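Data first, discussion second: the structure below is written as structure tokens.
Every value quoted in this text rests on a predicted model; they were computed, and no experiment measured them.
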Amino acid sequence: QLQLVESGGGLVQPGGSLRLSCAASGFTLDYYAIGWFRQAPGKEREGVLCISANGGTTTYADSVKGRFTISRDNAKNTVYLQMNSLKPEDTAVYYCAAALFRLCPTSRINQYNYWGQGTRVTVSS
């Protein structure tokens, strides 16, 4: 069974940091582009960052430039989202997703084939 599981979410104060993890089971992430998305209350799901199979990265959301980074550890079959300088507007449920491409596709939801269940991030004082 192909599965993606996110973890690492929680409550953090503005200016703080969190690292989210996306672990795969049932398949190997090596050959897939992996994206992080988020959905804030009352808003559409939006792309945040993507990492290609060879490690190249694509930023989907300008608002996270210079604050969020994406990385992958193929040995652990895991992709990470490091989030620094968090702001209240980063509050959302964060999802990871795998696309059947080696290179990052566009941020359109239908470009991604497998999704995790999400992990909630709340940025508040």
Checklist entry - What pairs with Gln82 under side-chain contact (heavy atoms from CB on, under 4.5 Å), at least two apart in sequence or on another chain? => result Ser17, Arg19, Thr69, Asn84

Checklist outcome for this item: Residues at least two apart in sequence or cross-chain that pass side-chain contact (heavy atoms from CB on, under 4.5 Å) with Ser124, listed by chain then number, are Leu11, Thr122

Item to check | Arg102 and Tyr32, any side-chain heavy atoms less than 4.5 Å apart | outcome: no

Hey, can you pull the donor-acceptor pairs under 3.5 Å for the side chains in residues 33-42, sequence neighbours left out?
| residue | atom | partner | partner atom | Å |
| --- | --- | --- | --- | --- |
| Arg38 | NE | Glu46 | OE2 | 2.7 |
| Arg38 | NH1 | Asp90 | OD1 | 2.9 |
| Arg38 | NH1 | Tyr94 | OH | 3.0 |
| Arg38 | NH2 | Glu46 | OE2 | 3.2 |
| Arg38 | NH2 | Ser63 | OG | 3.2 |
| Gln39 | OE1 | Arg45 | NE | 3.3 |
| Gln39 | OE1 | Arg45 | NH2 | 3.4 |
| Gln39 | NE2 | Lys43 | O | 3.2 |

Item to check | Under 3.5 Å donor-acceptor, Ser52 side chain and Cys104 backbone | outcome: no

Item to check | Asn77 side chain to Phe27 backbone, donor-acceptor under 3.5 Å | outcome: yes

Item to check | Intermediate values then yes/no, side chain to side chain contact (heavy atoms under 4.5 Å, CB included), Val79 and Ile51 | outcome: CA-CA 9 Å; Val79 172; Ile51 187 164; 4.1 Å; yes

Next on the checklist: Check for me, please, whether Val5 and Leu2 land in the same ILVMFWY cluster - side-chain distances under 4.5 Å, paths through other members count.
Outcome noted: no

Next on the checklist: With side chain to side chain contact (heavy atoms under 4.5 Å, CB included) as the criterion, how do Leu20 and Met83 come out once you've worked through the C-alpha distance, each side chain's angles and the decisive distance to 0.1 Å?
Outcome noted: CA-CA 8 Å; Leu20 305 184; Met83 305 187 295; 3.8 Å; yes

Checklist entry - In terms of heavy-atom contacts, does CZ of Arg120 have more than 12 from other residues, nucleotides or ligands at under 6.0 Å? => result no

Checklist entry - Which residue pairs satisfy the side-chain hydrogen bond (donor to acceptor under 3.5 Å, both in side chains) criterion with at least one member in residues 21-30, sequence neighbours excluded? => result none

Item to check | Shared hydrophobic cluster for Leu81 and Leu4 (ILVMFWY, side-chain gaps under 4.5 Å) | outcome: yes

Next on the checklist: Hydrophobic clusters here meaning ILVMFWY residues chained together by side-chain heavy-atom distances under 4.5 Å, can you tell me if Val121 and Val64 are in one?
Outcome noted: yes

Checklist entry - Given Leu29 and Arg72, is the side chain to side chain contact (heavy atoms under 4.5 Å, CB included) satisfied, shown in steps? => result CA-CA 9 Å; Leu29 288 179; Arg72 64 193 304 154; 3.7 Å; yes

Atom pairs and distances, side-chain donor-acceptor, residues 105-116, under 3.5 Å, sequence neighbours left out:
| residue | atom | partner | partner atom | Å |
| --- | --- | --- | --- | --- |
| Thr106 | OG1 | Arg108 | N | 3.4 |
| Tyr112 | OH | Tyr60 | OH | 2.7 |
| Asn113 | OD1 | Leu100 | N | 2.9 |

Checklist entry - Of the non-hydrogen atoms in Leu18 and Leu86, which two are nearest, and what is the gap between them? => result N-CD1, 3.9 Å

Checklist outcome for this item: Sorted by chain and number, sequence neighbours left out, side-chain contact (heavy atoms from CB on, under 4.5 Å) with Ser125 holds for Pro14

Checklist entry - With a cut-off of 6.0 Å (strictly less than), are more than 12 heavy atoms of other residues, nucleotides or ligands near CD of Glu89? => result yes

Checklist outcome for this item: Separation between SG (Cys96) and CD (Glu6), nearest 0.5 Å, reads 4.0 Å

